[in-house]
Amino acid sequence: MQYISSRGQAAYVQAAEAIKMGIAPDGGLFVPKAMPNLSEKVIETMFHQTYQERAAYILSLFLTDFNREEIDFCVNSAYNLKNFAQEKVAPLVKLNDKLHVLELWHGPTSAFKDMALQILPYLLTTSAAKTGEENEIVILVATSGDTGKAALAGFSDVDKTKIIVFYPADGVSEVQRRQMITQEGANVFVAAVRGNFDDAQSGVKEIFTDPALGAFLAKNNLKFSSANSINWGRLLPQIVYYVSAYLDLRANGDINPDQAINIVVPTGNFGNILAAYYAKRMGIPINKLICAANQNNVLTDFINSGIYDKNRSFEKTISPSMDILISSNLERLLFELTNHDSERVSTWMAELNGKGKYEIDENTHHIIRELFWSDYASDAETIATINQVWQGHGYLLDTHTAVAMNVYEKYIKSTRDDTVTVIASTASPFKFGSSVAQAIIPDKLGEEDEFGILNVLTKEVGISIPDGIRDLDKKNILHKKITEKDKLEATVLEFLGLDS
Ligand SMILES: *Cc1c(COP(=O)(O)O)cnc(C)c1O
């Protein structure tokens with residue numbers, strides 16, 4: 001399988017090269033040249049496979065330059081009981097006949113990012129070895145909170161790699177911040193950026209695409225790559241769990257062969273929902289992809305109007321991992337929906353870069369409206385939904401998943417569609433424990449700090465605090481660097497010992 005750039009100015013490469021580079025040399029994103037198809041016959045053979053077997057098969061369709069041993073090594077090193085608290089890795093929980101929650105947060109950092117970032121280090125180091133890479137790989141990450149810790153956990157002490165994470169100084173929850181600044185490992189570097197996630201992401205993208213800096217690194221036997229969802233190696237493992245959820249529903253008899261499903265995804269950078277779109281393209285019968293946004297509803301407006309306009313105020317919400325105004329993976333969707341028209345995509349991306357705004361053509365917008373439905377939830381609605389679902393189902397949602405649930409309710413009200421629906425649950429409620437506690441036990445919080453609140457919450461709901469979050473307040477703080485948003489490059493050089 002060859003990979004092509006969404007900007008059309010880069011040579012075709014094999015998967016290993018695409019994963020190693022992270023971003024295409026022309027600034028575009030790599031996508032597979034063609035989409036493999038899962039026939040009904042193949043789907044039926046996968047009903048009783050384990051998550052690992054399903055993952056290995058799906059990965060093998062896209063990573064045609066990897067051999068079976070390499071794929072099995074990557075899959076089994078990532079998805080095991082040492083890393084994931086659930087044998088099923090990504091279990092489906094049935095709330096009622098029409099509604100299932102896909103829990104994607106049983107990995108070490110309690111957010112869905114682990115689903116991809118536990119396997120990415122293996123995909124990347126295998127890719128580097130396969131392509132004869134001699135330089136050490138430097139992973140650069142911009143994070144809205146969850147990617148940072150998941151990437152640190154995945155890459156910590158991985159041979160021949162270094163990892164540098166930038167997070168917005170005031171844009172992450174206390175649990176998220178503690179998770180990152182206490183990360184151990186000889187090859188990890190973490191810095192807070194005075195700015196928001198978009199500042200961090202734009203800064204990192206600039207560093208990536210600066211040829212002079214790339215050459216300087218090469219002289220020092222180093223090479224940048226990305227663990228953000230611009231890297232195909234991040235996106236591919238996410239396709240697996242949507243296919244797997246559908247297989248579980250079929251295998252359990254929750255749906256018939258002729259029934260399609262809806263998928264609701266709490267969306268920020270558009271990576272997770274794009275993976276669901278790719279599952280649909282592979283033949284999984286998906287009716288609507290429901291894109292749930294928070295108050296930063298740039299995607300909702302885009303899906304409904306065809307105009308992407310990031311010129312609006314950046315809102316800090318209680319679902320911080322979705323506080324994003326530039327959804328980088330949308331570029332991949334546009335490339336797919338225009339039948340790989342890199343010229344049109346490049347024009348839109350240039351407009352986004354210049355004016356912060358672009359409008360897609362009517363035909364492309366029509367296709368988007370057929371595939372997607374979108375709305376958003378305010379913080380108050382998010383809190384109310386956590387409370388209602390706890391009272392009604394005894395099921396505790398984190399703030400991001402609650403955004404998805406709230407938007408799903410709006411979808412039902414608006415369309416009366418009764419298709420069986422899967423909600424992607426992207427974080428453990430304990431990761432955003434103070435907001436969750438405010439939703440269900442506002443009277444019991446007193447003067448507790450964030451970690452005190454977790455202890456109150458765990459007693460109240462009878463669910464234990466995940467290992468990676470418990471006792472975080474007692475761990476040593478190892479990373480104290482704060483940097484200005486226009487000084488990211490200097491910070492990178494300082495971390496790498498290349499500043500003179
Ligand atoms: C990253 C994240 C999201 C948004 O996912 P995207 O792939 O960026 O759209 C939603 N919820 C949580 C908890 C996250 O960590």
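Numbering of ligands and ligand atoms starts at 1, following listing order. This structure is a prediction, so every number in the text was calculated from the model and none was measured.
For atom 7 (O) of ligand 1, the closest non-hydrogen atom on the protein side is N272 N, 2.9 Å. Residue, atom and distance of the protein heavy atom nearest to atom 8 (O) of ligand 1 are N269 N, 2.7 Å. Closest to atom 4 (C) of ligand 1, if we only count protein heavy atoms, is G268 N, 3.6 Å. In terms of protein heavy-atom proximity, atom 11 (N) of ligand 1 is nearest to T426 OG1, 2.8 Å.
Note that CH2 of W390 is 15.5 Å distant from OG1 of T385, once rounded to the nearest 0.5 Å.
Close approach of ligand 1 to G271 is summarised as follows: ligand atoms under 4.0 Å from at least one heavy atom of the residue are 6 (P), 7 (O), 9 (O). Atoms of ligand 1 lying under 4.0 Å from any heavy atom of M322, numbered from 1 in the order shown and given with element: 10 (C). When each atom of ligand 1 is checked for a heavy atom of A427 under 4.0 Å away, the hits are 13 (C). Close contacts of ligand 1 with T267, meaning ligand atoms under 4.0 Å from a residue heavy atom, involve 9 (O). Proximity to P266 (heavy-atom distance under 4.0 Å) selects the following atoms of ligand 1: 4 (C), 10 (C).
Considering backbone and side-chain N/O of K113, one or more are found under 3.5 Å from N/O of ligand 1. Considering backbone and side-chain N/O of A111, none are found under 3.5 Å from N/O of ligand 1.
By heavy-atom distance, the residue among L274, D398, D146 lying nearest atom 13 (C) of ligand 1 is D146.
T300 and A293 make their closest contact through OG1-CB, 3.5 Å (heavy atoms, listed as atom of the first residue, atom of the second, distance). Closest approach of T419 and N262 over heavy atoms only: CB-ND2, 3.4 Å.
Assignment of F112 to the shell around ligand 1 is supported, since a heavy atom sits closer than 4.0 Å.
Residue contacts with ligand 1, taken as heavy atom pairs separated by less than 4.0 Å, do not involve K431 at all. Contacts between F270 and ligand 1, counted as non-hydrogen atom pairs separated by less than 4.0 Å, involve the backbone only.
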Original post:
side chain to side chain donor-acceptor pair (under 3.5 Å) between N329 and N269: does it pass, once the steps are laid out?
Top reply: CA-CA 6 Å; N329 269 298; N269 222 347; 5.5 Å; no
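Under 3.5 Å, the side chains of R234 and N231 contain no donor-acceptor pair of N or O atoms.
By the 30° and 60° cut-offs, the orientation of the rings of W232 relative to F62 is tilted. Classified by interplanar angle (parallel below 30°, tilted 30° to 60°, perpendicular above 60°), the ring pair Y79/F84 is tilted.
The pair E370-K288 does not meet the salt-bridge criterion, since no charged nitrogen lies less than 4.0 angstrom from a carboxylate oxygen. Using a cutoff of 4.0 Å between basic side-chain nitrogens and carboxylate oxygens, K310 and D198 are not scored as salt-bridged.
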